[in-house]
Novice: 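My questions all concern the structure below.
Remember, predicted model here, so these are calculated numbers, not experimental data. In what follows, chains are A, B, ... by sequence order, proteins preceding strands, each numbered from 1.
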Amino acid sequence: MTDTPTDPRADALRLIEALLFASASPVEEASIADRLPEDTDVTALLAELAEHYSGRGVHLVKIAGGWTFRTAPDIGPRLKLETTVQRRLSRAAVETLAIIAYHQPVTRAEIEEIRGVQISKGTIDTLLEAGWIMPKGRRETVGRPVTWGTSESFLHHFGLGEIADLPGMDELKAAGLIGEPPVVSLRENSQMSEVAPANAAEPEEPSPELDALAEQGELVAEHGAEH
Amino acid sequence: MTDTPTDPRADALRLIEALLFASASPVEEASIADRLPEDTDVTALLAELAEHYSGRGVHLVKIAGGWTFRTAPDIGPRLKLETTVQRRLSRAAVETLAIIAYHQPVTRAEIEEIRGVQISKGTIDTLLEAGWIMPKGRRETVGRPVTWGTSESFLHHFGLGEIADLPGMDELKAAGLIGEPPVVSLRENSQMSEVAPANAAEPEEPSPELDALAEQGELVAEHGAEH
Amino acid sequence: VRDGKRAGADGDGVVTEGTEPFEEAVAPADASGSQLVVDLDGYEGPIDVLLSLARDQKVDLTHISILQLADQYLAFISAARRLQLEIAADYLVMAAWLAYLKSRLLLPEPQPDDEPSGTDLAAALTYQLQRLEAMQQAGARLMARPQLGRDVFARGAPEGVPLVKKAQYEATLFELLKAYGEGRSRADSAVLHIEAQELYSMDDALQRLTRYIGRMPDWRTLASFLPANLRVGLIGRSAVAATFAASLELVREGRLQLRQDKTFGPIYLRSPPISEAST
């Protein structure tokens, strides 16, 4: 290395490097700045560090609003490290997760409207158990339904700096596929709910959100025990 | 970086780097070799990697027969972040401080006598930690108890030139800080006398304090209006 | 993930092409129950079915023929019915709605009422198909990302960053003085005993009223019997209460009469007329 430790810029780079290596979770830029002289351009230093590591075995990435190192994605499989075995998500769960991620905060009813089908109770449970979604307060409409959004560990798991970094987010917004529907909402939905009693043979859990909220801790434990 | 991922040597370096980064404990050379083509000179690669990191914020070191990254020794101490947390003094501590200020030098037993309640050990410690009180020698009586008084920084913090600047009882009364016994004091008084002895076992903050706290807001507001 | 089932429904085209194959398929399917070509279980609801069918048109969703799609769906459902598959209500509702949409699309002139036109409904359906397709693709892209603990790894043994919290205590001179003042006044009041309140007792009132007995043939208000110096404040109220209680006592003894014309109205007192008193 050509850097000499006396150069303040190189010194700051070393400190950032050490800090991010030592931290168990991503470190926010403000927290990095706290440890450096006031006039330090932390953003520029981070960019320089990211550049330095771009070709290496570990990369500097922004995750959940903070900076951290991660192994290069192409190397992962060759590390033969113990990996956490994840059960593959069902198609329903993947779709539901995507809808929650892109449309958050979103109610169960809205998810069902997008998918055109009722959500089985297990789907939300699975995503909760994985720690990827969390309740985001209630919608102030009739019935005050719970809304869902993604958690910080969702961002960690999928390596996202923030929700806006979701793949294709901008295009979907531009295409009007996220947010309020630009056209008359399908009347079919109201019709469907009128006919719904036919479906009452096997009704959904009455208010699964509430159950999930109330028992969240328990449910996870219970769920874990099942598998 | 001059390394290109297609160069087998650079590729091996990247893999070692990622492996040592992600491993929970130091990795032995043999274990590294297992993940690389047979003819790889792991020792030479490790030396190269150690050289690369020698000037940086983390160093590649050999610990207990295995290789791992560690924070550069000179940087370690600088990672420590001191944060000052603003803390309000408890009511008991403020009152104890006030008694020390007015009655110094004063022993713990005397403070307790004045307050009519025992002082928990933490109260004196907190005031010491805040730097507002200091021991002022021993009282030449049985047991030679330590006496307490206020410090220089107490005067600074409260903007006092000297202790004599503290307003006297008459002035406190005039300022409304010592009030007439409230009309409903019958309840409060009986509680006080009943609670105080029973309270001797458990320290500090019995319910009368809470009552007083509840009134505190009012008092402050009142005071603000006066001035 | 039901890739297999989806592929079957997507790819074969059995579902959408003529209905003949199903006729033949009925018998073996009923017999073995294993050769179902129309497998509703592979779908995530009617919109998902529609989306699969729409892909068979091999055009961008915005250019899809809703009419054709409706036909495909209806054929799909009738095929499933012929196979005597159990069809969830959702699917049947969608079939009914599509049949309705079809009729609206085929009607030459718009309905007179303010219902949305067939074209509006078709557009709404197209939007819903696009939105679900977008979410299906988004889900796939999400799952294709390198995942933590599987494809990428965090530092295995983070050394940790020490965070030293230094307390800085806050207190103002005002708080200090107030605490001292309150402490002192509390200490003072601790030795104080509540003085007995000066209150007008019933005995006092009884004595006072007795003096008037026999000397008040006319109704007079209770208030007029109160001692002149005890008509206000707490003691005034105690005088009213005591005098009233005393008057009740005297009424009980037959030595006084009470009258009140209305609730909360003034209370009047008088000595009982001689004749009544004797009875």
Novice: Between A/H103 and chain C, which part of the residue has a heavy atom less than 4.5 Å away: side chain, backbone, both or neither?
Specialist: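 Side chain of A/H103 only, per the 4.5 Å heavy-atom cut-off to chain C.
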Novice: Give, for atom CE of C/M143 and atom CG of A/L97, the distance between the pair rounded to the nearest 0.5 Å.
Specialist: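 One finds 7.0 Å between CE of C/M143 and CG of A/L97.
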Novice: Could you check whether any side-chain N or O of C/R145 sits under 3.5 Å from a backbone N or O of A/G159, counting only pairs where one atom can act as donor and the other as acceptor?
Specialist: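 Here the side-chain-to-backbone pair exists.
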Novice: Are more than 12 heavy atoms from other residues, nucleotides or ligands located less than 6.0 Å from atom CD of A/E28?
Specialist: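 No, the 6.0 Å shell around CD holds no more than 12 heavy atoms from other groups.
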Novice: Contact part of A/R35 toward chain C, heavy-atom cut-off under 4.5 Å: side chain, backbone, both or neither?
Specialist: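 When you check distances to chain C, only side chain atoms of A/R35 fall under 4.5 Å.
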Novice: With a 4.5 angstrom heavy-atom cut-off, is it the side chain or the backbone of A/T68 that approaches chain C, or both, or neither?
Specialist: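 Looking at A/T68, nothing touches chain C.
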Novice: Might you point out which heavy atoms bring A/P73 and C/P146 nearest each other, and give the distance in Å?
Specialist: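 What the structure gives for the nearest pair is CB-CG, 3.9 Å.
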Novice: Ignoring hydrogens, what is the shortest heavy-atom contact between A/R70 and C/L148? Give both atom names and the distance.
Specialist: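 Looking at all heavy atoms of both residues, the shortest contact is NE-CD1, 3.3 Å.
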Novice: Carefully, step by step, assess A/L166 and C/L142 under the rule side chain to side chain contact (heavy atoms under 4.5 Å, CB included).
Specialist: CA-CA 8 Å; A/L166 280 168; C/L142 196 59; 3.8 Å; yes
Novice: A/E113 and C/Q128: which non-hydrogen atoms are nearest, and at how many Å?
Specialist: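 The pair with the smallest heavy-atom distance is O-NE2, 2.6 Å.
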Novice: Using the rule given for side chain to side chain contact (heavy atoms under 4.5 Å, CB included), can you reason through C/L132 versus A/E95, listing the C-alpha separation, both sets of side-chain angles and the distance that settles it, and then say yes or no?
Specialist: CA-CA 9 Å; C/L132 181 61; A/E95 268 178 47; 3.5 Å; yes
Novice: What are the two closest non-hydrogen atoms of A/R91 and C/Y43, and how far apart are they?
Specialist: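 Closest approach of A/R91 to C/Y43, heavy atoms only: NH1-CA, 4.5 Å.
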Novice: Less than 4.5 Å apart, side chain to side chain, heavy atoms only: is that true for A/H59 and C/V152?
Specialist: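 In short, these two side chains do not touch, never coming nearer than 4.5 Å.
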Novice: Between A/I63 and chain C, with a heavy-atom cut-off of 4.5 Å, which part of the residue counts as in contact: side chain, backbone, both or neither?
Specialist: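 For A/I63, there is no contact with chain C at all, as no heavy atom is under 4.5 Å.
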Novice: Would you please test C/M135 and A/Y102 for side chain to side chain contact (heavy atoms under 4.5 Å, CB included) and show each step?
Specialist: CA-CA 8 Å; C/M135 284 302 110; A/Y102 285 79; 3.8 Å; yes
Novice: For a quick test of reading the model, state the closest non-hydrogen atom pair linking A/V117 to C/E44 and the distance between them.
Specialist: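 Nearest heavy atoms, A/V117 then C/E44: CG1-O, 3.6 Å.
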Novice: Counting only heavy atoms closer than 4.5 Å, note whether A/I99 contacts chain C via side chain, backbone, both or neither.
Specialist: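 It is both, since atoms from each part get that close.
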Novice: Decide side chain to side chain contact (heavy atoms under 4.5 Å, CB included) for C/E159 and A/F21; before the verdict, give the C-alpha distance in whole Å, the side-chain angles of both, and the deciding distance to 0.1 Å.
Specialist: CA-CA 8 Å; C/E159 291 157 77; A/F21 258 73; 5.5 Å; no
Novice: What residue, out of A/T96, A/L160, A/I178, A/L20, has the most heavy-atom pairs lying under 4.5 Å from chain C?
Specialist: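 Top count of heavy-atom pairs under 4.5 Å with chain C: A/L160.
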Novice: Looking only at non-hydrogen atoms, find the nearest pair between C/R155 and A/A22 and report the distance.
Specialist: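 Where C/R155 meets A/A22 most closely, the heavy atoms are NH1-N, 4.3 Å.
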